[in-house]
Asker: 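Got a structure for you, written out below as structure tokens; questions coming shortly.
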Amino acid sequence: MINFSKVSKVYGGAQGVRALDQVDFSVAEGEFVALLGPSGCGKSTLLNLVAGFEKLTEGEMLFDGQAVSRPGPDRGVVFQEASLLPWLTVWENVVFGPKVQGLMRNEYEPRAHEILKIVGLEAFHKALPVQLSGGMRQRVGIARALVMQPKALLMDEPFGALDAQTRLSMQQLLLEVWQRLKTTVLFVTHDIDEAILLADRVCVMTARPGRITKEIPIDLRRPRSIDDLTNSEFTHFKAQIMTEMRGAHDPH
Amino acid sequence: MSKAESKTVSLVPAQLWGRLRKTVLALVLPVTLVWLWQLAGTDGAIAGGALPTPDRVWAAWMKWAFGTSTFGLNPYIGTWTQSLWFSAGRVVYGFAIAIAVGVPIGMIIGWSKLASAMIDPTIQWLRPVPITAWLPISIAIFGIRDFGAVFLITIGAFYPIVINTTQGTRDVDKNWIRAALMMGAGQRDVLTRVVLPAALPSIFTGLRIGLGIAWTAVIVSEMVAVKSGLGYVLWDAYYVGRMDIVIADMVSIGLMGFLSDLLIVSIEIWALRWRRLQSFDA
């Protein structure tokens with residue numbers, strides 16, 4: 001579904017910062033992949049390339065077999081701060097995509113209602129984003145991406161700005177939604193627990209130059225829930241990833 | 001939500017009191033000034049002819065506003081409303097053109113680097129030319145007809161509108177644009193559904209400044225180039241020594257400027273009501 005081969009991204013000319021260096025990486029259809037790394041390791045850059053927000057400097061990147069030239073509704077992006085349009089209501093934010101795409105109302109409205117129900121916001125469809133809590137805003141962010149029925153969901157630290165408790169409930173929600181829809185997900189995070197809990201595979205990234213140093217398959221049983229955060233298998237993966245990240249931080 | 005609603009309901013008398021208090025406080029200074037002016041006038045400190053006392057100005061104003069005009073010998077009886085509408089009409093006309101031209105141009109300059117490089121320098125070079133300097137060329141082109149004033153108003157209001165629109169367009173949150181593109185919006189949808197509403201707060205700032213300049217422009221052009229309206233009356237009354245009318249006219253201009261600004265602010269509050277709501281979880 002997503003294929004990177006020898007992709008580099010350099011900011012600011014030939015002498016600039018190498019945000020990504022010769023990255024080979026792929027995500028299969030229906031797979032949930034987490035990109036894990038410290039800030040500045042290029043994980044958001046990688047996501048932005050798939051989204052079409054930025055252009056690569058070297059190499060080749062294919063989405064669903066085609067080179068990406070611009071953003072589009074086949075790749076639903078969930079932003080860190082939700083980035084809802086603040087002058088539109090929850091409902092208007094969710095149907096923005098189908099509307100500008102010129103879809104028929106009777107085609108997208110039932111779907112929008114259903115998705116708002118899934119994320120638990122059907123009672124708030126008339127509210128404005130400022131009237132919502134951070135977690136609720138992010139639910140709208142997820143809903144407006146899902147309503148387009150994208151081939152992949154690209155999530156850029158979507159729960160990073162939330163408090164610990166809200167983050168847990170959002171992770172639970174995402175697990176349930178994914179269990180239902182089985183969409184391809186590329187999930188960027190710096191939270192080890194979050195990466196293990198959600199993903200089928202965790203790709204550990206390092207900074208300067210930005211590279212994927214290790215890919216760890218997470219074969220925890222599905223469906224998962226936040227209760228898995230405390231079981232022994234989980235702890236085993238966590239120890240493994242922590243060792244990997246420590247090793248990546250101070251090279252021998 | 002019900003909690004917030006009940007709160008607003010109980011707030012109403014307090015709000016009313018607050019508004020009343022504000023109005024009273026705002027009136028203290030002008031009332032004092034008018035009272036001092038009246039005292040100075042009656043005590044003979046200021047020559048009655050050069051600066052008529054408030055009561056005389058008021059009497060002249062009332063006659064100018066509500067008097068029944070006789071056979072056109074005295075132009076300052078019952079002609080106030082007419083003069084007011086002449087000026088206000090020109091302001092509305094010129095201001096509307098300035099918005100229709102300034103907002104799109106400002107958005108284009110703010111959106112496209114190419115357009116910015118090509119258009120912005122010219123605007124910045126022309127901007128320091130004061131509207132009064134445009135008077136001769138305006139008269140030369142449009143004569144002493146109505147459109148001369150409209151032209152001047154448009155020029156004056158254009159700059160603050162275009163500059164603030166440009167800034168507002170440049171300041172739009174990049175992720176809002178990205179989100180719209182991600183949802184399949186084309187350039188046109190991004191501009192009308194994202195950039196325009198996001199830039200509205202800045203645009204309104206430009207509109208308020210522009211409207212103030214529009215009133216200056218209409219008065220200046222009516223004093224010099226057009227034979228009607230508050231500006232024309234101002235100058236004409238001065239020539240025939242009717243200082244009471246001059247002052248009533250000045251107060252009228254101030255009142256119109258104030259009321260039209262109030263109108264813009266009301267529209268702004270309505271259009272940007274999404275910004276005034278408070279978060280429930282704050």
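Keep in mind it's a predicted model, so treat the numbers as computed, not measured. Chain letters run A, B, ... following the sequence lines, proteins first, then strands; residues in each count from 1.
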Asker: Around B/F147, counting heavy atoms of other residues, nucleotides and ligands shown, do more than 12 lie under 6.0 Å from its CZ?
Answerer: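 Above 12, so yes.
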Asker: Under a 4.5 Å heavy-atom cut-off, does chain A meet the side chain of B/N175, its backbone, both or neither?
Answerer: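 Both parts, heavy atoms under 4.5 Å.
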Asker: For A/E58, I'd like to know if atom CD has over 12 heavy atoms of other residues, nucleotides or ligands within 6.0 Å.
Answerer: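 Yes, CD of A/E58 has more than 12 neighbouring heavy atoms, counting only those of other groups under 6.0 Å.
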Asker: Output the distance between atom CH2 (B/W274) and atom OG1 (A/T89), rounded to the nearest 0.5 Å.
Answerer: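 Result: 13.5 Å between the selected atoms.
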Asker: Is A/M148 close to B/M183 at the side-chain level, that is, under 4.5 Å between some pair of heavy atoms?
Answerer: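 A side-chain contact exists here, since the closest heavy-atom pair is under 4.5 Å.
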Asker: Roughly how far, to the nearest 0.5 Å, is the CH2 atom of A/W87 from the CZ atom of B/R275?
Answerer: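 Here the rounded value is 11.0 Å.
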Asker: If I measure from the heavy atoms of chain B, does A/L84 come under 4.5 Å with its side chain, its backbone, both, or neither?
Answerer: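 Backbone of A/L84 only, per the 4.5 Å heavy-atom cut-off to chain B.
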Asker: Nearest 0.5 Å, what's the CZ-CD distance between B/R178 and A/E54?
Answerer: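 Going from CZ on B/R178 over to CD on A/E54, the span is 5.5 Å.
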Asker: Which atoms of A/F53 are under 4.5 Å from chain B, going by heavy atoms: the side chain, the backbone, both sets, or neither?
Answerer: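 Contact with chain B: backbone and side chain both.
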Asker: Counting only heavy atoms closer than 4.5 Å, note whether B/A198 contacts chain A via side chain, backbone, both or neither.
Answerer: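 For B/A198, backbone and side chain are both near chain A.
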Asker: Please name the pair of heavy atoms, one in A/S83 and one in B/W176, separated by the smallest distance, quoted to 0.1 Å.
Answerer: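 Looking at all heavy atoms of both residues, the closest pair is O-CD1, 3.8 Å.
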Asker: Do you know the tightest heavy-atom contact between B/A179 and A/R144?
Answerer: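 Scanning both residues completely, I find the closest heavy atoms to be CB-NH2, 3.4 Å.
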Asker: Under 4.5 Å from any heavy atom of chain B, what part of A/N93 do you find: side chain, backbone, both or neither?
Answerer: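 Backbone only.
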Asker: Can you tell which part of A/N48 gets under 4.5 Å to a heavy atom of chain B, answering side chain, backbone, both or neither?
Answerer: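 Contact with chain B involves the side chain of A/N48 alone.
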Asker: Against chain A, label B/R273 side chain, backbone, both or neither, depending on which of its atoms sit under 4.5 Å from a heavy atom there.
Answerer: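 Answer is neither: B/R273 stays 4.5 Å or more from chain A.
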Asker: Mind listing the closest non-hydrogen atom pair of A/V100 and B/G184 along with its distance?
Answerer: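 Heavy-atom minimum between the residues: CG2-C, 3.9 Å.
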Asker: How about B/F258: does its CZ atom have over 12 heavy atoms from other parts shown lying under 6.0 Å from it?
Answerer: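 Open.
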